[in-house]
There are 2 protein chains.
Amino acid sequence: MTIALDGFDVKLLAALQNNAALTNAELGDVIGLSASQVSRRRQKLEEAGIIRRYRAALDPEALGLMVTAYVGVTLGAHSRENARKFRNMVTAMPEVQEAHTLTGDVDYMLKIVVPDLKALSHIINDELLPQEAVHHVRSSIAMETLKDDNLLPLK
Amino acid sequence: MTIALDGFDVKLLAALQNNAALTNAELGDVIGLSASQVSRRRQKLEEAGIIRRYRAALDPEALGLMVTAYVGVTLGAHSRENARKFRNMVTAMPEVQEAHTLTGDVDYMLKIVVPDLKALSHIINDELLPQEAVHHVRSSIAMETLKDDNLLPLK
DNA sequence: AGTGAAAAACAATGGCG
DNA sequence: CGCCATTGTTTTTCACT
């Protein structure tokens, strides 16, 4: 399942994560390859799972999603069962964009996107805090987003 | 530039952010519309900027990017010029996936993806801290990522 | 606002150098 | 890996409701 990537592959991946709407011929122009070779390499990269999926990136504000927040969650009683329930819950919540366990004094960091502060308050007070495992929640609201492209750095 | 979205549009956007590789005919099956209507609506949504771009989502680990970190940055001397330089710098850094100004005691939160801890250390010590505006940096490393799909919640 | 069919563009494959 | 030709799909446009 693993694969050796050469310079063409890396360039192709970089181009595709920037703009997956390019045709194989256009991609070929950018990276210096023929369209048919681009097609073959793409298939390999998709099969190998290096390209996970293709996605449309949407404008949150145009969809009324005005609030992005980072929510740090500290768990209290570290029972396996409660922790498991908490993890299942955040994974299933559509407002949770990202969820990671972190080093440091906060157990989990959630990135949450919602229409307004009322919706954020609802999530914190009515969904997160009632969980048995949750001891403490601390939210910070993004006032300004300088960058949010989530483009991986490819050399 | 603004547009009225009906139920078809919302379903179409939801389907496209999940999987932009679907053909218009497949999308039509999912949302209950003919391929030609899907094509017309897509064009509208693209022109209106609601669909910002199409992207390939890549597997970070397959590309050797093993470390995700959240770095909170506190600025010291709040001179406009130093803050501007800081903002330009983080915006230009490819390792910075996201950068937001936050409410609370941390001025900026950066999501950073790098190959290893050495690269993270380099960014913090040799790029961030030498900036005049930067007073304090605190990094937390993601030990486990439960969710990282960045799919917007569409009702 | 929608369908269905035609025309144009594109992707994917195979053969050859 | 480039180039070319072929085939099948897909997108887009058009006529019509």
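Sequence lines set the chain letters: A, B, ... in the order given, protein chains first and strands last, and positions in each chain run from 1.
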Salt bridge Asp149(B)-Arg52(A), side-chain N to carboxylate O under 4.0 Å: no

Whole-Å distance separating the CG atom of Leu16(B) from the C1' atom of dT11(D): 14 Å

Thr23(A) side chain: which of dA11(C), dA1(C), dT10(D) is closest? dA11(C)

Rounded to whole angstroms, how far apart are CG on Leu22(A) and P on dA9(C)? 18 Å

Do NZ/NE/NH1/NH2 and the carboxylate oxygens of Arg53(A) and Asp59(B) come within less than 4.0 Å? no

Any N/O pairs under 3.5 Å between the protein and nucleotides 12-17 of chain D? List them or say none.
{"residue": "dT12(D)", "atom": "OP2", "partner": "Ser39(B)", "partner atom": "OG", "Å": "3.2"}

Any side-chain donor-acceptor pair under 3.5 Å between Tyr108(A) and Glu144(B)? no

Just the rounded figure in Å: distance from P of dG4(C) to CG of Asp29(B). 12 Å

Ionic contact status for Arg138(A) with Asp105(B), cut-off 4.0 Å: yes

Check DNA chain D against residues 4-12 of chain A and give the residues with a non-hydrogen atom under 4.0 Å, in numerical order. Asp6(A), Phe8(A)

Within the side chain of Arg55(A), is there an N or O that forms a donor-acceptor pair under 3.5 Å with the backbone of Ala57(B)? no

Does Leu152(B) offer a backbone N or O that forms a donor-acceptor pair with the side chain of Gln17(B) under 3.5 Å? yes

Categorize Gly32(A) for me: base, sugar-phosphate, or nothing, with a 4.0 angstrom heavy-atom threshold over every strand shown. sugar-phosphate

How close or far is atom P of dA1(C) from atom CD1 of Ile3(B), stated in whole angstroms? 11 Å

Between dT11(D) atom P and Leu27(B) atom CG, what is the distance in whole Å? 8 Å

Please name the residue in the list Lys44(B), Arg41(B), Arg42(B) that meets the salt bridge (Lys or Arg N to Asp or Glu O under 4.0 Å) test with Asp9(B). Arg41(B)

Looking only at side-chain N and O atoms, does His100(A) offer a donor or acceptor that is under 3.5 Å from a partner on Thr145(B)? yes

